[in-house]
Amino acid sequence: MRAVPGVPSRLRTAMTLIHEPTEFSGQDPNDPLLLGLNPQQRAAVEYRGPALLIVAGAGSGKTRVLTHRIASLVEKREAWPSQILAITFTNKAAGEMRERVELLLGSSAKGMWISTFHSACVRILRREAAAVGLSSSFTIYDSSDQRNILKRIIKQLAADTVGFTPAAAQGRISNLKNELSDIESFARNVNTSDPQEMMFLEIFRQYTQRLRAAGALDFDDLIGETVFLFRAFPQVAALYQRRFRHLLVDEYQDTNHAQYSLIRELTTPVAPHIVAELEAQGVLVSGVQDASGGIPGASLTVVGDSDQSIYAFRGADIRNITEFERDFSGATVVLLEQNYRSTQNILSTANSVIQNNFDRKEKRLWTDSGDGDPIVGFTGYTAHDEAQFVADEVDALHRAGTAYRDMAVFYRTNAQTRALEEIFVRQAVPYRVVGGTKFYERAEIKDAMAYLIAVANPLDELALRRILNTPKRGIGSVTEAALASFAEHNGLTFREVLRDSDALNFGPKVSGALRGLADLLDEAAAMVDPAPPSDGADPEPVEHNLSAPHRTSVSDILAFLLERSGLVTTLRASGDPQDETRAENIEELLAQTRDFMRENPGATLVDFLTHVSLVAAADELDDASGTVSLMTLHTAKGLEYDSVFITGLEEGILPHQMSAHEPGGLAEERRLFYVGITRARRRLYLSLAMSRAQFGEVSVAMPSRFLQEIPDPLIQWKQSPGTANSRNGTSPRALNARRGSGGANGGEWNEKRGIRGGGLDEIRGIRDRDPERFSVIKGTTTTAQWANRVTGRVRDNGDLTLAPGERIRHVDFGDGRVTQVTGEGAKRIAHIVFDTAGAKKLLVKIAPIEKI
DNA sequence: CCAGGGGCGTTTTTT
DNA sequence: ACGCCCCTGG
């Protein structure tokens with residue numbers, strides 16, 4: 001019954017509207033914008049009304065629907081491009097959407113805002129900065145900047161002695177801001193008798209002050225301040241409410257309260273008296289006014305899938321989507337369930353996993369494109385073993401004709417890249433880590449960027465302090481403290497003190513260095529020649545503002561700063577090969593500024609700084625690169641690949657142990673897995689390692705409970721957890737470790753699922769009927785913590801010497817001959833051709849082998 | 001003022 | 001195992 005694709009009865013009313021000629025009078029079956037769309041997709045493109053929720057299952061063509069909807073609005077003259085605001089999750093998605101809309105329209109989408117929440121807010125805030133007492137060249141602080149500041153505050157308040165850590169304070173401040181709680185409202189509600197709370201209040205207050213003094217906003221402020229701006233200045237809000245007649249929001253399930261509030265503000269009608277004010281200012285309102293003289297609220301389209309909500313940790317509130325219909329009166333819902341991306345096997349896997357989340361709306365993805373290949377499973381002894389499997393399969397796929405760029409490897413935590421990278425490098429598999437330690441997070445890049453920031457925003461003390469002695473110019477912490485204290489006592493900025501440091505009577509060497517830096521920054525600032533944003537009623541994107549005369553290009557400014565500061569020269573001169581790499585990275589940054597200027601002619605220094613601050617991990621993806629992509633499951637959202645590897649399917653990793661303490665944590669981890677699965681078009685590989693090194697200690701892991709939610713016949717194990725673990729008593733029997741006195745085959749995975757199995761039992765799925773199978777997880781002995789890591793010793797063959805030609809015996813693969821030994825020490829790899837199991841590469845240290 | 005060594009916290013996910 | 005922070009000796 002549930003296998004039949006269809007629309008839940010609750011939604012039928014809305015769906016039947018498709019057939020109402022009055023609602024869709026303009027419908028033309030030959031409309032090119034509707035060709036090739038299924039009825040639900042058409043409905044989503046054609047519907048007109050105040051609010052539309054498109055519940056779009058993974059791979060159901062939502063981007064197609066969104067772009068067609070936008071194109072349809074423009075083509076039918078229902079909206080000018082400039083009246084559309086589309087919010088995407090990444091800048092890359094925004095760029096693609098713009099491209100596709102332009103392709104559909106056959107003309108430019110100029111004036112259309114397609115961007116992320118953060119980019120849109122920065123654009124608004126820079127434009128309206130004066131209203132909220134900000135400089136339009138405010139700096140955007142990233143998490144490490146935040147942590148830096150908090151570290152200093154906590155130290156100064158000695159708050160660490162009462163248990164405050166920068167990370168915890170950062171998280172709490174972020175949560176508050178996502179709820180639109182600022183320092184004033186927090187102070188009003190704080191429990192004054194709780195010393196911890198009062199301490200936190202003080203931290204929060206100082207943090208707020210420092211940012212304000214530095215003319216800086218953190219990520220969360222970008223959204224929150226925009227909401228405050230709109231609420232405090234209705235006539236400013238009205239400019240945007242008037243302009244944007246159609247608001248479209250992608251990935252709505254991941255919006256937090258602040259973002260939700262922003263959407264609410266933007267779709268609020270403008271009252272007649274404010275319209276009159278606008279008109280008096282010369283803003284054109286005649287086309288958009290209603291009978292009463294006001295401007296009706298913009299129409300809102302949101303697209304989302306509550307099964308793909310994976311950002312609760314940063315405040316995403318799933319209720320935004322589940323309560324959409326209640327929230328926005330007159331809302332209609334369209335459900336897209338037909339999947340155009342994956343094979344049925346992949347979809348069945350996804351469905352079988354996600355259906356374990358109770359409390360969700362029933363939704364089943366389906367396809368008419370056939371079952372496809374089975375899901376392939378593999379259990380490695382170690383993370384390296386697992387990585388080896390991935391590398392081998394990537395190799396095999398590539399030889400069979402799949403391009404590297406069509407493959408991706410996903411993992412739960414960034415730390416998991418290490419093993420994968422080591423093996424990929426050794427196997428010469430071209431790969432690229434997406435996200436992780438980003439280019440712009442490297443110390444030397446942050447140094448160079450700090451020069452640019454110090455030029456663009458003289459108030460930014462953090463940037464200035466960073467470059468004060470980088471490269472070394474003999475200014476130590478004593479000098480720095482003296483400058484800071486002088487600034488504080490005289491009500492001056494750090495930059496002003498730097499400029500007039502003679503008053504502090506430093507030695508000649510220090511004075512000279514300080515003056516040199518101050519002059520350098522002043523000269524660079526003169527090159528920038530900032531043009532104030534124009535006051536036109538129509539907010540135009542800053543980067544398209546070509547009116548500024550003779551502004552020095554960002555790359556020239558950077559080149560000047562690098563040259564005069566000696567940053568690169570110093571690195572080159574050090575002789576350290578790592579410094580050479582750093583110098584090259586800075587050269588790369590310079591090249592990137594040139595690229596940026598070429599792609600955004602007329603862009604300002606502040607535009608470049610904004611761009612750098614707001615790049616998302618997924619933005620780095622380069623479709624043209626012929627490499628395998630490695631990324632976290634979070635980064636994978638919204639992407640798709642022909643072949644997908646999901647690694648680390650272990651208890652404690654996926655689901656991650658940290659999520660165990662949080663309510664709803666497990667369900668979110670499951671959604672994360674679901675997101676990963678549904679990225680795959682044709683092939684899906686699921687792998688895990690029986691042991692994983694963490695902090696140098698090797699601990700034993702158990703297969704993820706999520707694996708056991710997948711019906712047996714869907715997965716074909718190349719090496720199942722059972723076979724990978726059945727050692728001759730020398731290795732810990734992880735799966736059994738916490739099993740009570742269960743039956744003979746109790747917590748074991750069915751060995752017959754292993755490579756030597758494949759008989760009838762596998763098809764009959766004995767495993768699934770075994771009630772003891774989950775004893776490890778369902779056991780009542782532990783509560784808060786999962787009993788997922790059983791520490792123990794693993795086999796150590798470290799001193800086993802092997803030479804090509806020697807015969808060995810493997811517990812699972814039987815007898816074989818060594819052909820080659822590569823690697824050294826603990827990473828020694830034996831290449832073995834087994835008589836029956838074929839060629840394998842084994843990590844000598846832990847492989848269950850012996851000489852014969 | 002700075003370089004180098006020892007000690008400690010760290011890993012959940014991100015705009 | 002690694003990177004960052006603090007301390008010490010030059």
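Quick caveat, the model's predicted, so the values are computed rather than measured.
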Rounded to whole Å, the NE2-C1' distance (A:His384 to C:dA1) equals 12 Å

Query raised in the report: For A:Phe89, is the NZ or CZ atom of A:Lys637 found under 6.0 angstrom from the centre of its six-membered ring and inside 45 degrees of the ring axis?
Result: yes

Counting only side-chain nitrogens and oxygens, does A:Thr632 get under 4.0 Å of the OP1 or OP2 atom of B:dT14? yes

Practice prompt. Using the C1' atom as the reference point in each nucleotide, state the distance between C:dC5 and B:dT12 in Å, no decimals.
Written response: 24 Å

On a whole-Å scale, what distance lies between the P atoms belonging to C:dC4 and B:dT13?
-> 16 Å

Notebook entry, point to check: Does A:Asn178 place a side-chain N or O at less than 4.0 Å from the phosphate oxygens OP1/OP2 of B:dT15?
Noted result: no

Q. If you draw the axis of the six-membered ring of A:Phe138, does the NZ or CZ of A:Arg126 fall within 45° of it and under 6.0 Å from the ring centre?
A. yes

Note to self: Ring centres within less than 5.5 Å and planes less than 30° apart: is that true of A:Phe313 and B:dT13 in this structure?
What the structure shows: yes

* Pick base, sugar-phosphate or nothing for A:Thr479, based on heavy-atom distances below 4.0 Å to the nucleic acid. => sugar-phosphate

NZ/NE/NH1/NH2 to OD/OE distance under 4.0 Å, A:Arg572 and A:Asp579: no

Does a salt bridge link A:Arg465 with A:Asp460, judged by any charged N lying under 4.0 Å from a carboxylate O? no

Across the strands shown, which category fits A:Lys151 at heavy-atom distances under 4.0 angstrom: base, sugar-phosphate, nothing? sugar-phosphate

Establish, with yes or no, whether the OP1 or OP2 oxygen of B:dT13 is under 4.0 angstrom from a side-chain nitrogen or oxygen of A:Ser659. no

To the nearest angstrom, the CD-C1' distance between A:Glu668 and B:dT14 comes to 12 Å

Exercise for the section: Give a yes/no answer on whether the side chain of A:Asn469 brings an N or O atom under 4.0 Å of OP1 or OP2 in B:dC1. Expected result: no

